[in-house]
*Asks:* 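After the structure tokens below, expect a handful of questions from me.
FYI, the numbering just counts along the sequence from 1.
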Amino acid sequence: MNSLQTLTKDELQLVERINEETQRLNKNNLTRTKAYLDFYKKHPEIHWAFLGHMVSRNGGWNMTDLQGDFLSVLLNDKERHLFFSFLERGNWLIFQDAYPQFLLYEASIQKKRPLFHLLSHFRVSIFMETIWNHFFVHHNRYMLTMALVVNEQSYLEDRVIQHPHYKTSVLNTMQFKLQELFSFTHILFPYGNGGKIELMGKTLPQFESLEKRILLGKSLYRLLFRQNKVLDKVYQWALSKPHTGSRCDYWPKLFSVVKEGAPSKLYKLRRLNGCRLKAGMPRIYSPLLQYAWKDVHHVPAETGDWFKDVNIIEYLIEDNEKISGEIKNEYCQTLEKLEIAVIAKKVITIWS
């Protein structure tokens, strides 16, 4: 870390302003997700901002799932709070690392000179200082995006994924293994198509694997930014649907922000046939994030630079892998599995 005493007055003011703006917008998943999209609208050359926006939307949906119809039955109150803490901490950490980089890039454009030597004052990895300086000259959007994917996932590795608290209380629990089989590892990109909802995306097979998470980021980037028609549709959908955390944002015929139906009858019969509700059945409850969870006060991020192995740059090389974004059928099967699990648990509770 360079001493703040070595900065000029203008640099010191810039660091303070960026810290204040990042802290202001790092309030919760809703403010972070909106901030990513707002930045992308101003700087569409920063592809990660929109990718981050869409992945952050999924993080919000996972948070509200914990208080929705299915997981509120399958998990007890303590387990749901632990899972939320895990998701919220990761979401908070990524924003407080990534957003100062964006604001410093914006300031560099305004000043017409690179200011990335200041990244160390935000505890951003030296890896990203090199990448941003390269981008400022060469404008390689793919390399910057992949570098940000590598950086954020590597940044999370010790602070969340391998952190003893989360590893013991969340990642090593049977409940989390079950969620990997269910909905926690689906990343969905909704878009409109002739008045009906479509989904594309990918599923992460091994959440605890740093390599798998980075490769997922590469695949998600290709789905969004290597198919212009898809990007346009997803982007237009994102502009038209402000993020609330409820899955009702993209599928109002299937999800509802209020509970429908009598609680005594809700879990006795199957409501779903694929991703269609049976006649007369209530929609799946998916609450608004602002009512599902209170804002969290976070302790400062752990210090240290993750960059130790130069071989990590191999992830920055673009490949021509063909990727299928088909995920709707898989996601519909996931919802059916969750519903069956809930009904089974209710039956076991009654008979025990």
Side-chain angles (χ1 to χ4, degrees), residues 29-30 32-34 36-37 40 47-71 83 87 90-91 94 149 179-193 196-207 212-213 215-227 229-257 272 274-277 283-289 292 323-339:
N29 173 264
L30 301 180
R32 295 167 204 136
T33 307
K34 182 178 185 298
Y36 289 141
L37 183 60
Y40 180 73
H47 290 177
W48 191 95
F50 187 57
L51 179 62
H53 167 77
M54 293 305 299
V55 173
S56 189
R57 278 189 183 248
N58 279 265
W61 296 330
N62 286 333
M63 291 176 186
T64 56
D65 283 347
L66 292 165
Q67 303 287 43
D69 263 353
F70 298 148
L71 295 184
F83 281 126
L87 294 168
N91 202 238
I94 287 179
V149 168
Q179 301 326 308
E180 285 189 317
L181 298 176
F182 294 146
S183 61
F184 267 46
T185 52
H186 292 322
I187 304 295
L188 308 177
F189 295 158
Y191 62 94
N193 186 16
K196 66 176 183 177
I197 187 67
E198 295 292 347
L199 297 175
M200 60 179 289
K202 294 288 290 183
T203 300
L204 177 60
Q206 290 176 274
F207 191 88
K212 296 292 186 183
R213 297 197 310 274
L215 292 177
L216 174 68
K218 294 189 73 165
S219 296
L220 293 174
Y221 178 83
R222 289 187 63 80
L223 285 178
L224 273 182
F225 286 93
R226 290 298 180 258
Q227 303 179 71
K229 290 183 179 179
V230 170
L231 174 62
D232 290 342
K233 289 181 179 179
V234 176
Y235 180 56
Q236 291 305 316
W237 176 86
L239 291 176
S240 67
K241 299 291 182 180
H243 177 56
T244 70
S246 171
R247 293 189 183 273
C248 187
D249 288 352
Y250 66 87
W251 215 332
K253 290 184 178 180
L254 190 61
F255 296 96
S256 171
V257 297
L272 296 174
C275 271
R276 293 179 180 271
L277 286 169
R283 291 176 293 175
I284 301 168
Y285 176 52
S286 179
L288 300 173
L289 183 63
I323 298 171
S324 171
E326 167 56 40
I327 199 171
K328 189 172 184 179
N329 290 335
E330 182 180 344
Y331 180 63
C332 292
Q333 291 172 11
T334 291
L335 291 178
E336 286 191 288
K337 289 178 184 177
L338 280 168
E339 184 180 44

*Asks:* Using 30° and 60° as the class boundaries, would you call the ring planes of F225 and Y40 parallel, tilted or perpendicular?
*Replies:* perpendicular

*Asks:* Which pair of heavy atoms, one from G68 and one from P287, lies closest together, and at what distance?
*Replies:* CA-CD, 4.0 Å

*Asks:* How long is the span from the CZ atom in R283 to the CG atom in D69, to the nearest 0.5 Å?
*Replies:* 11.5 Å

*Asks:* If you compare all heavy atoms of S286 against all heavy atoms of S246, which two are closest, and at what distance to 0.1 Å?
*Replies:* O-OG, 2.6 Å

*Asks:* Starting at CG of L204, measure out to CZ of R213 and round the result to the nearest 0.5 Å.
*Replies:* 8.0 Å

*Asks:* State, with a plain yes or no, whether a side-chain heavy atom of L51 is found less than 4.5 Å away from one of V149.
*Replies:* yes

*Asks:* For a side chain to side chain contact (heavy atoms under 4.5 Å, CB included) with K202, tell me which candidate from L223, T185, L188 qualifies.
*Replies:* L223

*Asks:* For G245 and L30, which heavy atoms make the closest approach, and how far apart are they?
*Replies:* N-CD2, 4.0 Å

*Asks:* Would you call L335 and F255 a side-chain contact if the rule is heavy atoms closer than 4.5 Å?
*Replies:* yes

*Asks:* Please step through side-chain contact (heavy atoms from CB on, under 4.5 Å) for the pair F189 and K233, ending with a clear verdict.
*Replies:* CA-CA 10 Å; F189 295 158; K233 289 181 179 179; over 6 Å; no

*Asks:* Which atoms form the tightest heavy-atom contact between T64 and A292, and what is the distance?
*Replies:* CG2-CB, 4.2 Å

*Asks:* Can a donor-acceptor pair be found, under 3.5 Å and without considering hydrogens, that links the side chain of N91 to the backbone of S56?
*Replies:* no

*Asks:* Are F50 and L224 close enough that some pair of their side-chain heavy atoms sits under 4.5 Å apart?
*Replies:* yes

*Asks:* Would you confirm whether T244, through its side chain, and L288, through its main-chain N or O, come within 3.5 Å as a donor-acceptor pair?
*Replies:* no

*Asks:* Do the non-hydrogen side-chain atoms of F70 and K337 ever get within less than 4.5 Å of each other?
*Replies:* no

*Asks:* Output the distance between atom OH (Y191) and atom CG (L231), rounded to the nearest 0.5 Å.
*Replies:* 12.5 Å

*Asks:* Say you draw a straight line from OH of Y331 to CD of E336; how long is it, rounded to the nearest 0.5 Å?
*Replies:* 12.0 Å

*Asks:* Does any non-hydrogen side-chain atom of L272 lie less than 4.5 Å from one of I284?
*Replies:* yes

*Asks:* Look up atom CG in L338 and atom CD in Q333, then write down how far apart they are to the nearest 0.5 Å.
*Replies:* 12.5 Å

*Asks:* Look at atom CZ of R226 and say whether more than 12 heavy atoms of other residues, nucleotides or ligands are closer to it than 6.0 Å.
*Replies:* yes

*Asks:* May I ask you to test the L254-R247 pair for a side-chain heavy-atom distance under 4.5 Å?
*Replies:* no

*Asks:* Run the ring-ring contact (aromatic ring centres under 6.0 Å, His included) test on Y36 and W48 for me, step by step, so that the C-alpha distance in whole Å, both residues' side-chain angles and the decisive distance to 0.1 Å come before the verdict.
*Replies:* CA-CA 9 Å; Y36 289 141; W48 191 95; 5.4 Å; yes

*Asks:* Between W251 and C275, does a side-chain contact (heavy atoms from CB on, under 4.5 Å) hold up when you go through it step by step?
*Replies:* CA-CA 10 Å; W251 215 332; C275 271; 3.4 Å; yes

*Asks:* Quick one: do L220 and I323 satisfy side-chain contact (heavy atoms from CB on, under 4.5 Å)? Show the steps, please.
*Replies:* CA-CA 9 Å; L220 293 174; I323 298 171; over 6 Å; no

*Asks:* Could you tell me whether the side chain of K328 reaches within less than 4.5 Å of the side chain of P190, counting heavy atoms only?
*Replies:* no

*Asks:* Of the non-hydrogen atoms in I327 and I187, which two are nearest, and what is the gap between them?
*Replies:* CD1-O, 3.9 Å

*Asks:* Kindly say whether T33 contributes a backbone atom to a donor-acceptor pair with the side chain of R57 at under 3.5 angstrom?
*Replies:* no

*Asks:* Under a 3.5 Å distance rule, please check whether D249 uses its side chain to pair with a backbone N or O of K241 as donor and acceptor.
*Replies:* no

*Asks:* Might you point out which heavy atoms bring Y285 and Q67 nearest each other, and give the distance in Å?
*Replies:* CE2-O, 3.5 Å

*Asks:* Quick one: does W237's side chain get under 4.5 Å of M54's, heavy atoms only?
*Replies:* yes

*Asks:* Begin from the C-alpha positions of I94 and R32 and carry the test side-chain contact (heavy atoms from CB on, under 4.5 Å) through to its verdict.
*Replies:* CA-CA 10 Å; I94 287 179; R32 295 167 204 136; over 6 Å; no

